[in-house]
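Reviewing the structure listed below.
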2 protein chains.
Amino acid sequence: MNKKIPLVTVPRISLYYRALLESRHKDYISSEEIAYLTGFNSAQVRKDLAYFGQFGTPGKGYKVESLKKALLSILGTDRIWNVALVGVGNLGSALLSYKGFEEQGFKIVAAFDKDMRKIGKVIRQVKIQDIKDLEDTIHKKNIKIVILAIPAKHVQAIVDRLIKGGIKAILNFAPIRPKIPSDIHILNIDLSIELERLAYFLNKLR
Amino acid sequence: MNKKIPLVTVPRISLYYRALLESRHKDYISSEEIAYLTGFNSAQVRKDLAYFGQFGTPGKGYKVESLKKALLSILGTDRIWNVALVGVGNLGSALLSYKGFEEQGFKIVAAFDKDMRKIGKVIRQVKIQDIKDLEDTIHKKNIKIVILAIPAKHVQAIVDRLIKGGIKAILNFAPIRPKIPSDIHILNIDLSIELERLAYFLNKLR
DNA sequence: AACTGTGAAATTATTCACAGCT
DNA sequence: AGCTGTGAATAATTTCACAGTT
């Protein structure tokens, strides 16, 4: 009971949820089937789910509809999260236009840049604001998550401002890992590092 | 000697390499310093490096310049890798324009789409080709790594074609995990899952 | 004295295997 | 009979701690 949940369980829950979306037609689904659809092991599926409660019926499996609701509620995606984007360059613009976010309940409600030529422009109904309005808008729009798509050299300063402004969750695309207090959650998506992992693998082949 | 290298070591090596780039001014650097710069533990730094050889000098540390070269060679980024991009939508275009790749030795030399309105256009000196030329171009241009930025529903079919075409390393941005043989390396960057991890964390806060 | 390289210990995560429920 | 939930076993990874080198 009440064990500590491994960090890696959470992204798997997201994948299980997606597998359930594909299984709309059936009433019950077994851990074996979820495992097949997601590429994990059925014991892992059962254990991951069991961290959060008893969702299954022995002999039958998991009721698709109710498990789906349960997972949504675990992930916190049973509601809309307001998100801000900081940095409307190439990558930032692409993220602003990315439809996948809204589908999963993440709504980019504000975008910031410091380039005067961009400020005032509207992309996907979001008006690009001056970065100086950052803290103010975070409060007014009840923003809880920030996506950072700015050059590495500005990351630490912006992160410091975000934290002062009350933000606790950051998705950072810059190739740098800012120093943060332990109560802040940051996920770094570092595209070059991913390519380097692939290069390492290819390099090893001969 | 010759131990199995943990999978998670490789992305850390990338980060150590970056820390060395910041330390150009000094002759030697200790595992403690690398650890501080990257946010890991000094024992981990030493252990990670030791998987690949004996790079350090007891009492002094690691010689910055030679360790840098060694890490480049381990990662396989001491040479240029030709990369293809499949899918030139919002995200694909942004990746095509992303300068960070070239800096790390990854060169996008071809881009593919199936949309006739995009084919023939040139972005950053790369001409967008018809997806039907995929296999052909992969061979002609000696492409080893493919970045996938296409809708989920097309991923499996394209991945199958890539594998037949000899590709062994794929960076996939679509929110789906295609089935692949065990000798193929795929890394999935799933933006919604990352946001869901953040939402989970925020959700837990109260 | 300062620091590496590395076995051993500790921690974390995965998989096995089965008692018990439907 | 079929499948969950979960302790126990195994595997992977991190951290400790120190002998040995410069």
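Here is how names work: the chains are called A, B, and so on, in the same order as the sequence lines, proteins then strands, and each is numbered from 1.
Summarising the geometry, the separation between NZ on Lys60(A) and C1' on dG2(D) is reported as 12 Å, rounded to the nearest angstrom. Note: CG (Leu49(A)) to P (dC3(D)) measures 16 Å, nearest angstrom. In this entry the distance linking CZ of Phe40(A) with P of dT14(C) reads 9 Å, nearest Å. For the pair Tyr28(B) OH and dT22(D) P, the interatomic distance rounds to 12 Å; values are reported in whole Å. Between the CZ atom of Phe55(B) and the C1' atom of dT21(D) there is a distance of 18 Å, rounded to whole Å. Spacing between atom OH of Tyr51(A) and atom P of dT4(D) amounts to 17 Å, rounded to whole angstrom units. If you take CG of Asp48(B) and P of dA12(D), they are 17 Å apart, rounded to a whole angstrom. With rounding to whole Å, Leu7(B) atom CG is found 14 Å from dT14(C) atom C1'.
Salt-bridge annotation for Lys26(B) and Glu33(B): present, with a side-chain N of the basic residue lying under 4.0 Å from a carboxylate O of the acidic one. A salt bridge is absent between Lys164(A) and Asp160(A): the closest approach of a Lys/Arg side-chain nitrogen to an acidic carboxylate oxygen does not fall below 4.0 angstrom.
Here the nucleotide nearest the side chain of Gln44(B), chosen from dC3(D), dT14(D), dG5(C), is dT14(D). With dG5(C), dT13(D), dC16(C) as the candidates, the nucleotide lying closest to the side chain of Asn41(A) is dC16(C). If you check dA17(D), dT4(D), dT4(C) against the side chain of Tyr62(A), the one that comes closest is dT4(D). Each of dT6(C), dT14(D), dT6(D) was ranked by its minimum atom distance to the side chain of Val8(B); first place goes to dT14(D).
In terms of polar N and O atoms assigned as donor or acceptor, the side chain of Lys47(A) comes within less than 3.5 Å of the base of dT15(C) in a complementary pairing. No N or O donor and acceptor, one from the side chain of Lys4(A) and one from the base of dT12(C), sit under 3.5 Å apart.
Along DNA chain C, the nucleotide closest to Thr57(A) and the one closest to Arg12(A) are compared, and the more 5′ of them pairs with Arg12(A). Residue Arg46(A) is the one, among Arg46(A) and Pro58(A), whose nearest nucleotide of DNA chain C lies closer to the 5' end (criterion: closest heavy atom).
Contact annotation for Gly59(B): base contact, defined as any heavy-atom pair under 4.0 Å involving a base atom. Using a 4.0 Å heavy-atom distance criterion, Thr9(B) is classed as making no nucleic acid contact.
You'll find the side chain of Leu71(B) reaches within 4.5 Å of the side chain of Leu49(B), heavy atoms only. Leu95(B) places a side-chain heavy atom less than 4.5 Å from the side chain of Phe101(B).
Taking both residues in full, the closest heavy atoms of Gly165(A) and His139(A) are given as O-NE2, 3.5 Å, listed atom of the first, atom of the second, then distance.
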